[in-house]
Amino acid sequence: MSTEGQQHYFNWSIQLSATADQLWPFVSDTNTVFRLMGFASVKKTQLSRSAPKGFLGITNARMSSYLHWEQEPFIWERPFRFGTNRHYKLGLFKNFKYLVDLIPNSEGTIVQTRFWITPHKNGTFSFLKFCFENLLKRRFFRILKDFDTYAEKQILPYEQNIPKSLVRGAESKIKSIESELIEQTRRKRIINHLREYIRKADDEDLVRIHPFMLAEYWGEKKYSVLNVFLHAAKLNLLDFSWDVCCPNCKAPRHNFRKLKEARSNLYCEECDIEYEMDFNKNTHLVFTVHPLIRKISDRDYSFGDPQSTPHKVSQHFLNIGESAYLKVKLEEGTYIFKSHMHKGELILHVREDGLDTVSLIMNDNDFEGQEVTISQKPNLTFVNNSSKKVVCFLEKKDWKEEATYASEVNSAHDFRTLFSREAIKEGASVKATGLTMLFTDIMNSTEFYQQEGDDMAIGRVMNHFKIIQSIVAEERGGIVKTIGDSVMAVFREPVSAIKAVERIQQIFSGPGSLGDSFKLKAGVHYGDCVAVNLNDRTDYFGTTVNIAARLVDAAKEKEVVISEEFYNHPDVKLYLNKKDKALFIKENKIELKGFENQEFKVKQIRLERPSLRLVV
């Protein structure tokens, strides 16, 4: 019987102990899976100018003359299913489709992997079947069992790895650098973690190292881990660069070794959109191992899998007239539905009492921000009634990657001390969207200097700067500059600013030498501004900065004045509502110098003093 052109089907299943949620980050990372399977690395290529949007041309990096395929966009429903379809232009196959299902049961999760393979030539089927059933299947199951161990133990794979090869002479360099790091940072435990990570982590994990992610895993304070990483970069154990991510797909499409080399106007080829560099939204500081310590490969083994865009809960490729019925677990919150072929978006609010059955029907009209409220386990259907093939996806609104953003690190004391000339080029400006500005100032500082004397007063003011600097750093902010007795600080997350200012006021408003000496006040505002290079340091300008500076002028002794824009941020509102017994908040309307004929709604916040108790 001829097997030419016939489709062949394979079905592999294995029972694992971990849950689907625990297994998903490992199993859906096809870049790592294919590397562990021993497959050759791949690279993107241009196969057709008329390929539908979202399709990728891919070739084998070693055998580019013999293997070319066009890959359909991955489909997935987190954490239950993912897969894709390859259409080969050159190679043994005509088509290669695979689909992986994670099926929860009482023992954990069944991982079912199905393949539909159409060979090009008669006679290849027997060899193909032998390879799949006797070689690849055993290897794949061994990998899945390892993933099951990582997931159940909640460990990263590098913990189980044997040490990798280092550059000649690297061992002695590491020992010398380690001694200096301990002396400079006094953080031996973090240094030990970092040494093990450099020695044992896989190459793909070392291409881009995010210190805050590792801080979470190691159970260490984020600012402490960043402190060690920055000193390690100064001593050439690590190196760093700047990723600028596409706001649509969230992937790091551009990388610059120095900020002075960065360009503001950028382009994402995958999404076919132009975008801007933004200090507070898409510009990340990333680390890698220094090339004199360990050589690492940046080879790719897969493109477009669910882990390459983790902000997406689901993605589907639908032919004309096709429907997709989703199986997803949704947390409460707001989600965005988009399509590659439509402008705009649909908004889905997920609530416990939302609709159980919802159909999203796409035609040739663009989305106009229509909203619907759905349940956490909805019967959700996507229908393509448009005249084109569609790639559509559901993503969590306000999804945040645990990255080190330029806005928080560029004003950090450690970064400025160690890399004082690392700033954007002179004359350039970069936007910083949604940045929080905090200004503090000492009340009646002239009177304070007269009472204390210049020498004593200056010493106390310098000490007050150090305390504020430490608290701001712990809350993931940075001191931009000091102006006389005033401090200007920036925060990426608004709630971090209110936590920092509360801690500062607790120190300087409470009883004791600091509270008795200082009468501190503060102002906080939230909005957009512009980052510039001023004397080789990053500074910020714009109306947001000006308003924040005027708010501190309007504050009274031991008071924090916050703008309505800042107060209305959901995270800030939630935090202040929880602190209603510890803080006294008063609404007011004020005028600010320089903003004539404008009235600003503000909240005046003070630490509420405990009531006096009479002891008899």
Side-chain angles (χ1 to χ4, degrees), residues 184-187 220-228 230-231 407-418 436-449 451-525 537 540 548-549 551-553 555-562 575 579 582-583 605-609:
Q184 292 174 9
T185 68
R186 307 294 181 188
R187 294 187 167 106
E220 301 287 351
K221 292 181 178 179
K222 292 175 182 177
Y223 78 94
S224 299
V225 173
L226 180 59
N227 170 263
V228 171
L230 291 172
H231 279 87
S407 57
E408 58 188 330
V409 72
N410 218 249
S411 297
H413 175 73
D414 291 334
F415 186 82
R416 284 187 158 180
T417 301
L418 296 169
T436 299
M437 289 285 169
L438 163 67
F439 278 83
T440 69
D441 200 4
I442 297 174
M443 193 88 172
N444 300 326
S445 58
T446 303
E447 179 184 334
F448 169 68
Y449 275 84
Q451 289 176 352
E452 297 286 335
D454 287 350
D455 291 342
M456 181 67 74
I458 290 171
R460 292 199 175 193
V461 169
M462 292 299 108
N463 187 43
H464 128 277
F465 285 149
K466 289 180 181 178
I467 292 170
I468 292 177
Q469 176 184 291
S470 175
I471 292 173
V472 166
E474 289 175 14
E475 297 295 346
R476 291 182 62 173
I479 304 293
V480 179
K481 59 187 174 185
T482 59
I483 312 158
D485 304 320
S486 179
V487 171
M488 173 184 172
V490 294
F491 294 85
R492 168 171 159 71
E493 298 293 344
V495 73
S496 298
I498 197 66
K499 289 178 181 179
V501 77
E502 182 187 5
R503 290 176 60 190
I504 290 167
Q505 286 290 43
Q506 283 172 345
I507 290 175
F508 292 106
S509 296
S513 59
L514 291 177
D516 294 338
S517 301
F518 288 94
K519 298 174 182 178
L520 210 66
K521 58 180 184 173
V524 189
H525 185 46
R537 297 182 67 169
Y540 296 90
L551 288 175
V552 71
D553 292 340
K556 298 174 183 176
E557 175 186 330
K558 300 180 181 180
E559 186 178 73
V560 183
V561 176
I562 65 173
Y575 181 80
K579 304 284 289 188
L583 300 173
I605 302 175
R606 298 175 64 88
L607 294 179
E608 193 171 54
R609 299 281 187 170

So how far is it from L520 CG to I468 CD1, rounded to the nearest 0.5 Å?
5.5 Å
What I'd like to find out is whether the side chain of R606 reaches to under 4.5 Å of the side chain of K558, using heavy atoms alone.
yes
Rounded to the nearest 0.5 Å, what separation is found between the CD atom of E474 and the CD atom of Q469?
11.0 Å
Would a 4.5 Å heavy-atom cut-off, applied to side chains only, mark R187 and N227 as touching?
yes
Quick check on side-chain contact (heavy atoms from CB on, under 4.5 Å): which of V552, V524, V487 does T440 satisfy it with?
V487
Side chains of E408 and Y223: donor-acceptor distance under 3.5 Å anywhere?
no
Answer whether the closest heavy-atom distance between the side chains of K481 and Y540 falls below 4.5 Å.
no
For the student: nearest non-hydrogen atoms of A548 and H525, plus distance
CB-CB, 3.8 Å
Full working for side chain to side chain contact (heavy atoms under 4.5 Å, CB included) between I605 and E559:
CA-CA 6 Å; I605 302 175; E559 186 178 73; over 6 Å; no
Qualifying residue for side-chain contact (heavy atoms from CB on, under 4.5 Å) with V472, from I467, V501, I479:
I479
Mind checking whether M437 and V490 have side chains closer than 4.5 Å, heavy atoms only?
yes
Beyond-backbone contact of V480 with R416, side-chain heavy atoms, under 4.5 angstrom
yes
Roughly how far, to the nearest 0.5 Å, is the CG atom of D553 from the CZ atom of F439?
9.5 Å
So I471 and I507, do their side chains get closer than 4.5 Å, heavy atoms only?
yes
What distance do R537 atom CZ and N410 atom CG have between them, rounded to the nearest 0.5 Å?
10.0 Å
Enter the distance from L418:CG to H231:NE2 here, rounded to the nearest 0.5 Å.
4.5 Å
Below 4.5 Å, heavy atoms only, C-beta onward: do R503 and E475 meet side chain to side chain?
yes
Taking H413's backbone N and O only, do any of them form a donor-acceptor pair with T417's side chain (distance below 3.5 Å, no angle check)?
yes
What closest approach, in Å, do F491 and A497 show between heavy atoms, and which atom pair accounts for it?
CD1-CB, 3.6 Å
If every non-hydrogen atom of A522 is compared with every non-hydrogen atom of L438, which pair is closest and at what distance?
CB-CD1, 4.0 Å
Contact summary for K222 and R476, nearest pair of heavy atoms
NZ-NH1, 3.5 Å
How close do F465 and D485 get, heavy atom to heavy atom, and via which atoms?
CE2-O, 3.8 Å
Can you find a heavy atom in the side chain of I562 that is under 4.5 Å from one in the side chain of L551?
no
State the CG-CZ distance between L226 and F415, to the nearest 0.5 angstrom.
9.0 Å
